[in-house]
Amino acid sequence: MHRTIVWFRRDLRITDHEPLYRAARRGAVIPVFIFDRALLHHPETGPARVAFMIDCLAALDRDLRRVGGRLIVRSGDPVDVLPRLICEAQAEGIYAHTDCERIYGRVRDGRLNQALTQQQMKIRWFEPPASLSELIPYPQYRLRWFRDMAAAIVPTPGQVIVPPEVPSEPLPTLADVGHCADGKPLPPAGTAAARRLLTEFLAEKSDRYYWQLSYPSAEATTGLSPHIKFGAISVRECVQTVQRTPHNGDLRRKRSHNQLIARLRWGNGFTQRFRYLPQLELRSLYTVFDQDGWDFNEADYRAWQAGVTGFPIVDAAARCLQATGGWQALNFRSRAIYASFLSNLMGLDWRYGALHFMRHLIDGDCPIDHYQWAMQAGVTHCLDKPWTRIYNPGQVAVDRCDPEGDFIKRWVPELAHLPPEQLGTPPRVKGYPPPILDYRQARQRRVQQLEAQRGRFLQRQNVVPYLATLPADLTPFGSDRDTSEITWATQPETPLFPPPLDLTQIDAQQARDLRTWFVAHVNIPPPRRTARSRQPQDPNIQQLSLLP
């Protein structure tokens with residue numbers, strides 16, 4: 001009987017999993033997950049996210065056992081573990097999905113390809129839906145995405161036969177992998193839990209999802225983002241579930257369904273950008289922003305992290321993130337206001353913000369997090385528009401996003417006694433700090449800075465000369481701030497797999513195609529200056545979300 005190793009990574013499910021389905025059809029399967037210290041102790045790894053992953057693995061093992069299998073758990077460097085497992089299990093090779101979330105993962109997979117070739121062993125890589133190697137214009141990618149999402153879901157294997165003699169390590173605890181719980185409540189994990197969340201959302205929230213996304217206290221999000229991050233449910237299954245759910249002529253539900261599908265598409269689009277340009281994990285898209293340098297003030301950074309900036313809506317977002325991991329209570333608008341404050345008003349490098357988010361988000365996904373951070377900082381997706389959305393964190397934000405003050409009062413209880421109209425610029429309250437900056441001065445300074453920097457490449461048809469390249473030193477940002485496992489970055493250079501775009505070899509047509517990935521494809525007008533109102537922001541003005 002044929003034996004195939006199926007290497008699970010960010011696809012912790014048994015439905016819509018082509019490597020598992022193909023392997024089960026051809027014979028016995030060795031489904032393996034490897035606990036890799038380089039990922040477990042990456043500078044951007046958060047303990048709550050690791051804890052949720054472990055719960056997802058327990059759910060995956062239960063799902064495999066229902067079809068006769070079990071999960072094999074190993075620990076170590078996959079480049080060493082997998083060749084040994086091939087020999088031990090007498091397997092013919094490995095099936096696995098490609099993964100473009102992290103530079104480390106692509107270095108690891110490149111090293112694995114080399115090691116297997118040297119030992120005359122085989123691996124077959126499968127592209128996840130909406131992931132492709134060739135460079136195409138973004139409008140074509142959008143069509144490709146809808147085509148892939150419409151394709152039939154890969155069936156659950158009827159049976160998964162795992163050789164009984166292949167041993168497994170026990171599934172570790174959080175402490176076993178070197179992390180301490182930080183008190184964040186974890187969502188229920190696994191495919192069944194993800195399906196329940198989606199069903200509940202479609203039944204209970206889809207009539208208000210589109211209109212209440214800007215209100216953090218409404219908690220109108222799906223709650224699916226952690227499950228999508230680890231692949232406990234596929235994006236394709238989510239899309240098809242939404243599409244076959246009738247809206248019965250209710251335009252509110254129809255619009256919310258379309259909005260959710262759009263956000264799922266945006267998430268895949270961010271990953272595809274990282275497929276092309278993995279340097280986006282480490283650098284701003286355009287060289288000018290990092291070459292000019294950023295300000296940094298440790299005390300201000302710590303105030304922003306802790307939620308003591310003196311701007312209540314910013315501080316509420318900060319405290320919500322640290323307490324909950326953000327997967328449900330911290331919606332995209334709250335994240336955007338919080339992020340914009342750091343880079344646009346405090347003047348700090350957006351990468352410090354992304355680092356902090358990733359250490360706390362249970363749904364933290366590097367391409368989504370980093371690309372959106374760069375967008376909020378105004379340093380990407382700015383090729384064809386001269387203006388920058390800089391959120392006013394004062395009363396304007398309260399009126400538009402938290403008009404009753406529920407979100408602020410929950411997370412900044414020092415101000416719970418104040419009426420909503422005082423929560424933008426509160427009077428001096430014992431135990432609550434004054435503002436750490438002047439909004440108008442900070443905003444003017446940032447606008448002038450961005451105008452000067454963008455002027456070097458704005459409206460250029462060939463953006464390639466202005467793009468950051470992949471650095472020779474791949475050490476993760478923030479590794480100097482916390483103990484991390486980064487020895488992989490000091491090893492001899494290995495070609496990344498999947499390979500990124502080589503910007504030195506791009507021809508004129510490819511340059512035009514690449515440009516389409518960094519311009520707006522919807523008409524998003526600059527915000528209009530209006531008199532203060534406690535009415536919600538115009539729902540027809542759309543903004544890319546940080547997460548679905």
Q. Under the criterion ring pair (Phe, Tyr, Trp, His ring centres under 6.0 Å), which of Tyr141, Tyr371, Phe270 is the partner of Trp517?
A.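 Per the ring pair (Phe, Tyr, Trp, His ring centres under 6.0 Å) rule, the option paired with Trp517 is Tyr141, out of Tyr141, Tyr371, Phe270.
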
**Q.** Single hit among Trp373, Trp304, Trp350 for ring pair (Phe, Tyr, Trp, His ring centres under 6.0 Å) with His356
**A.**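 Answer to the ring pair (Phe, Tyr, Trp, His ring centres under 6.0 Å) test with His356 among Trp373, Trp304, Trp350: Trp304.
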
At what distance, to the nearest 0.5 angstrom, does [atom1] of [X] lie from [atom2] of [Y]?
X	Y	atom1	atom2	answer
His227	Cys238	NE2	SG	10.0 Å
Asp365	His370	CG	NE2	9.5 Å
Asp295	Met346	CG	CE	10.5 Å
Asp363	Lys229	CG	NZ	9.0 Å
Tyr286	Asp292	OH	CG	15.0 Å
Thr222	Leu202	OG1	CG	9.5 Å

Under a plain distance cut-off of 3.5 Å, with no hydrogens placed, do [Y] and [X] share a side-chain donor-acceptor pair?
X	Y	result
Asn331	Ser334	yes
Thr221	Gln328	no
His257	Tyr210	no
Tyr466	Arg460	yes

Check whether any side-chain heavy atom of [X] lies under 4.5 Å from a side-chain heavy atom of [Y], and answer yes or no.
X	Y	result
Tyr439	Pro393	yes
Ser256	Asp207	no
Arg335	Leu361	yes
Leu345	Arg443	yes
Val398	Pro403	no
Gln140	Arg144	no
Asp349	Leu342	no
Val154	Thr15	no

Test your reading of the model: is there a side-chain donor-acceptor pair from [X] to the backbone of [Y], 3.5 Å cut-off?
X	Y	answer
Arg106	Pro498	yes
Gln279	Ser284	no
Thr45	Leu39	yes
Asp148	Ala130	yes
Thr191	Ala232	yes
Arg13	Gly231	yes
Arg283	Thr469	yes
Arg102	Cys366	no
Arg9	Ile34	no
Arg275	Ser131	no

Q | Under-4.0 Å salt bridge between Glu44 and Arg351 | A |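 No.
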
Q. Would Arg208 count as a cation-pi partner of Tyr215, with NZ or CZ less than 6.0 Å from the six-membered ring centre and within 45° of the ring normal?
A.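 Judged by the rule (NZ or CZ under 6.0 Å from the ring centre, within 45° of its axis), Arg208 is not positioned above Tyr215.
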
Of all the heavy-atom pairs spanning [X] and [Y], show the shortest one and how long it is.
X	Y	result
Ile103	Leu470	CD1-CD1, 4.1 Å
Ile313	Ala397	CD1-O, 3.9 Å
Cys56	Leu12	CB-CD1, 3.9 Å
Tyr276	Leu135	OH-CA, 3.4 Å
Trp294	Val379	CH2-CG1, 3.8 Å
Glu101	Pro367	CG-CD, 3.4 Å

Q. Can the ring centres of Phe518 and Tyr138 be said to be less than 6.0 Å apart?
A.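 So the answer is no for these two rings.
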
Q: Indicate, with yes or no, if the rings of Phe201 and Tyr209 have centres closer together than 6.0 Å.
A: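 Close enough - the centres of the two rings lie under 6.0 Å apart.
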
Would you please classify the geometry between the [Y] ring and the [X] ring as parallel, tilted or perpendicular, with 30° and 60° separating the classes?
X	Y	result
Phe52	Phe230	tilted
Trp7	Trp125	tilted
Phe8	His17	tilted

Please list, chain by chain and in numerical order, all residues satisfying side chain to side chain donor-acceptor pair (under 3.5 Å) with [X], sequence neighbours excluded.
X	result
Gln509	Arg512, Asp513
Arg147	none
Asn344	Ser340, Arg446

Q) Where do Ile14 and Leu60 land on the side-chain contact (heavy atoms from CB on, under 4.5 Å) test, with the steps shown first? A) CA-CA 7 Å; Ile14 64 173; Leu60 174 62; 3.8 Å; yes

Q. Does the pair Arg253 and Ser206 meet the rule for a side-chain hydrogen bond (donor to acceptor under 3.5 Å, both in side chains), with working shown?
A. CA-CA 5 Å; Arg253 292 185 182 276; Ser206 65; 2.6 Å; yes

Q: Starting from the C-alpha separation in whole Å, work towards a yes-or-no answer on side-chain contact (heavy atoms from CB on, under 4.5 Å) for Ile390 and Val447.
A: CA-CA 9 Å; Ile390 299 178; Val447 168; 3.9 Å; yes

Q | Candidate pair Ile94 and Arg124, rule side-chain contact (heavy atoms from CB on, under 4.5 Å), full reasoning | A | CA-CA 6 Å; Ile94 304 167; Arg124 179 178 177 184; over 6 Å; no

Q: Evaluate side-chain contact (heavy atoms from CB on, under 4.5 Å) for Tyr95 paired with Arg22, printing each intermediate quantity in order.
A: CA-CA 9 Å; Tyr95 284 2; Arg22 294 286 191 93; 3.8 Å; yes

Q) Counting heavy atoms not belonging to Arg25, are there more than 12 under 6.0 Å from its CZ? A)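 Atom CZ in Arg25 is not crowded, with 12 or fewer foreign heavy atoms closer than 6.0 Å.
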
Q | Greater than 12 external heavy atoms within 6.0 Å of Glu134's CD | A |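 Yes, because the 6.0 Å sphere around CD of Glu134 holds more than 12 heavy atoms from other groups.
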
Q | Steps toward salt bridge (Lys or Arg N to Asp or Glu O under 4.0 Å) verdict (Arg195, Asp63) | A | CA-CA 14 Å; Arg195 288 170 174 165; Asp63 290 342; over 6 Å; no

